[in-house]
A.B. asks: 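Can you read through this structure? Questions will come right after.
The model shown is predicted, which means the values in this text are computed figures rather than measured ones. Only this structure's heavy atoms are used, side chains among them; waters, hydrogens and symmetry mates stay out. In each ligand, atom 1 is the first atom listed, and ligand 1 is the first ligand listed.
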Amino acid sequence: MNSFIVKGDFCFSKSKSEIITKENAYLLVENGMCKGFFDTLEKEIENYTLFDYTGHLIFPGMIDLHTHAPQYAFSGTGMDLQLLEWLDKYAFPEEAKYSDLSYAKKAYSIFCDAIKHSVTTRACVFATIHSDTTHLLMDMLDKTGLYCYVGKVNMDRNSPSLLCEKSAEISAEETENFIENTSHKYKNIKPIITPRFIPTCSDELSFKLGEIAKKHSAPIQSHLCENKDEIEWVKELCKEAKNYADAYDRFSLLTDRTIMAHCVHLSSDEIKLLKERNTFVAHCPTSNSNLKSGIAKIREYIEHGLNIGLGSDVAGGETLSLFSVIKEAIKMSKMYSYYVDNSKSPLTFSEAFYLATKGGGKFFSNVGSFEEGYEFDAVVLNFTPYAYDLSVKERMERAVYTNEDLKGICAKFVNGNKIV
Ligand code: GUN
Ligand code: FE
């Protein structure tokens with residue numbers, strides 16, 4: 001089961017600085033795990049089923065560490081405001097619609113189809129405060145074959161009435177039920193505790209969510225230091241906290257199973273705290289430019305050894321395509337280097353590709369590479385003709401920059417299962 005050979009032109013990260021390519025090679029996959037490359041179809045592997053993608057580019061499925069399923073409906077629109085006004089005018093009114101099962105069914109089916117056919121194989125997804133339609137989203141994502149963490153969102157203050165849960169107790173109780181009912185329901189879809197961010201979660205609710213996470217060893221996702229007005233608001237709301245990151249840490253919400261989206265404006269104390277907690281940063285550069293949030297200090301975070309992956313943050317980010325997110329990460333880091341601090345070198349292609357695959361993949365354990373012992377998550381692109389011979393690495397870079405995924409994915413695998 002799940003044992004086969006894949007033939008084609010492979011491209012994957014070994015480290016941030018090293019991309020490995022294998023041209024016209026055979027990869028042995030056993031029980032869904034990568035077992036090593038062969039140059040020829042030798043005796044040892046000749047009896048396995050062969051997926052022959054000769055001439056096609058094959059790379060690890062990309063990891064979207066942060067996205068919002070209900071916001072897909074308005075992605076690519078409403079880019080005129082900064083975060084707090086944008087939430088009020090666009091995100092919250094859309095999310096309120098997900099109390100309606102039939103609307104959620106229609107909108108989530110469009111989202112699921114889009115993410116299934118993107119270059120992403122694994123994602124960490126925010127739903128809304130509504131438990132029933134979050135269950136529906138999980139059922140639908142399960143059918144795609146993708147591997148996803150999905151969160152029922154928590155909000156019990158500073159939220160419009162349609163999106164404000166009645167009390168911290170009710171919100172926490174629903175969350176605990178959600179965790180208990182879905183932890184073992186699916187093979188590839190798992191629950192994640194999802195306090196939206198400090199402004200919409202009371203201290204009582206944050207405390208309870210920290211307790212639930214500990215009790216169930218559950219992962220956590222939220223937003224941190226995205227926008228300057230947001231950071232000022234958190235200072236007002238949490239006078240006792242040393243900083244925004246500490247406001248989460250006081251409730252045990254910063255763990256090595258936590259993803260904090262954005263982290264655009266971390267102070268040096270906050271960088272230290274995230275490093276101590278081994279918390280993951282979801283870098284969301286498309287969103288950060290659209291919502292004029294700023295440019296995250298990614299070079300500095302890399303130098304401090306933080307766990308970093310990339311996130312589309314749809315609909316702050318306009319697209320689910322991690323190719324676009326990689327490109328934006330590189331471009332924004334060039335602007336940072338030029339305008340803000342020229343001692344910080346821009347991200348290289350190799351570094352940004354690593355963040356989109358092996359960097360984010362670490363949250364899912366051994367995911368995001370084709371090295372031995374990694375789960376086989378892969379995307380195979382349709383064959384593209386070139387005027388002259390490009391190296392496999394150049395083809396990868398060109399695909400990312402020209403968004404070749406729009407021209408077609410010919411196959412996709414998640415933990416050894418062919419889903420497209
Ligand atoms: N902070 C709190 N909620 C959100 C959201 O939906 N999108 C973004 N980009 N930031 C947030
Ligand atoms: Fe977000």
Side-chain angles (χ1 to χ4, degrees), residues 64-98 107 111 115 123-130 134 149-160 162-165 192-202 205-206 209 220-234 237 244-245 247-248 253 258-265 280-296 309-320 322 325 328 332 360:
D64 189 345
L65 273 193
H66 181 78
T67 199
H68 297 258
Q71 295 178 15
Y72 186 72
F74 70 95
S75 58
T77 69
M79 300 302 188
D80 54 327
L81 298 172
Q82 291 196 35
L83 177 67
L84 300 175
E85 296 76 25
W86 176 87
L87 286 170
D88 282 338
K89 183 167 176 195
Y90 301 110
F92 291 160
E94 181 58 29
E95 290 189 23
K97 296 181 193 167
Y98 291 74
F111 168 78
I115 195 165
C124 298
V125 182
F126 279 54
T128 61
I129 60 163
H130 313 97
T134 302
Y149 286 98
V150 178
K152 178 214 120 32
V153 174
N154 300 96
M155 304 166 73
D156 74 335
R157 67 174 176 186
N158 298 319
S159 307
L162 287 174
L163 277 187
C164 199
E165 296 174 287
I192 181 166
I193 293 178
T194 306
R196 179 169 214 121
F197 65 159
I198 292 283
T200 61
C201 297
S202 65
L205 176 56
S206 296
L209 295 178
I220 299 162
Q221 60 181 355
S222 192
H223 296 88
L224 174 63
C225 291
E226 175 177 1
N227 165 289
K228 293 231 167 121
D229 291 342
E230 170 209 18
I231 294 169
E232 284 308 308
W233 194 12
V234 171
L237 290 167
Y244 196 161
Y248 287 114
L253 290 168
T258 299
I259 299 168
M260 281 295 164
H262 303 293
C263 300
V264 176
H265 307 285
F280 282 75
V281 171
H283 177 38
C284 305
T286 46
S287 170
N288 299 157
S289 59
N290 287 330
L291 302 186
K292 216 173 85 178
S293 301
I295 310 179
L310 298 183
S312 66
D313 192 35
V314 157
E318 73 280 12
T319 170
L320 286 170
L322 263 286
V325 180
E328 193 88 352
M332 298 259 292

A.B. asks: If the contact criterion is a heavy-atom separation under 4.0 Å, does Glu230 count as touching ligand 1?
C.D. replies: no
A.B. asks: Mind running side chain to side chain donor-acceptor pair (under 3.5 Å) on Ser159 and Thr200 for me, showing each step along the way?
C.D. replies: CA-CA 6 Å; Ser159 307; Thr200 61; 4.8 Å; no
A.B. asks: With heavy-atom distances below 4.0 Å as the criterion, list the atoms of ligand 1 near Gln71.
C.D. replies: 5 (C), 6 (O)
A.B. asks: Looking only at protein heavy atoms, which one is nearest to atom 9 (N) of ligand 1, and how far off is it?
C.D. replies: Asp313 OD2, 2.7 Å
A.B. asks: Report the name of the N/O/S atom of His223 located nearest to the Fe ion (ligand 2).
C.D. replies: NE2
A.B. asks: Quick one: look up the protein heavy atom nearest atom 6 (O) of ligand 1 and list residue, atom name and how far away it is.
C.D. replies: Arg196 NH2, 2.7 Å
A.B. asks: Within ligand 1, which atoms have a heavy atom of Leu83 less than 4.0 Å away?
C.D. replies: 8 (C), 10 (N), 11 (C)
A.B. asks: Do me a favour and list the nearest non-hydrogen protein atom to atom 10 (N) of ligand 1 with residue, atom name and distance?
C.D. replies: Glu226 OE1, 2.7 Å
A.B. asks: What atoms of ligand 1 come within less than 4.0 Å of a heavy atom belonging to Phe197?
C.D. replies: 1 (N), 2 (C)
A.B. asks: List the steps and the verdict of side chain to side chain donor-acceptor pair (under 3.5 Å) for His262 and Asn227.
C.D. replies: CA-CA 9 Å; His262 303 293; Asn227 165 289; over 6 Å; no
A.B. asks: Just say parallel, tilted or perpendicular for the rings of His66 and His68, cut-offs at 30° and 60°.
C.D. replies: perpendicular
A.B. asks: Using the rule salt bridge (Lys or Arg N to Asp or Glu O under 4.0 Å), only one of Glu226, Glu95, Glu230 pairs with Arg196; which is it?
C.D. replies: Glu95
A.B. asks: Measuring from the Fe ion (ligand 2), name the closest N, O or S atom belonging to His68.
C.D. replies: NE2
A.B. asks: Return the CD to NE2 distance between Glu165 and His130, rounded to the nearest 0.5 Å.
C.D. replies: 8.5 Å
A.B. asks: Over 60° means perpendicular and under 30° means parallel, so classify the ring planes of Tyr90 and Phe74, tilted if in between.
C.D. replies: parallel
A.B. asks: For Phe126 and His223, I'd like to know if the aromatic rings sit close, meaning centre-to-centre distance below 6.0 Å.
C.D. replies: yes
A.B. asks: Would Trp86 count as a contact of ligand 1 if the rule is a heavy atom under 4.0 Å away?
C.D. replies: yes
A.B. asks: So, His66 and the Fe ion (ligand 2): N/O/S under 2.8 Å, yes or no?
C.D. replies: yes
A.B. asks: Between the Fe ion (ligand 2) and Asp313, which N, O or S atom of the residue is the nearest one?
C.D. replies: OD1
A.B. asks: To the closest 0.5 Å, what do you measure between CH2 (Trp233) and CG (Asn158)?
C.D. replies: 4.0 Å
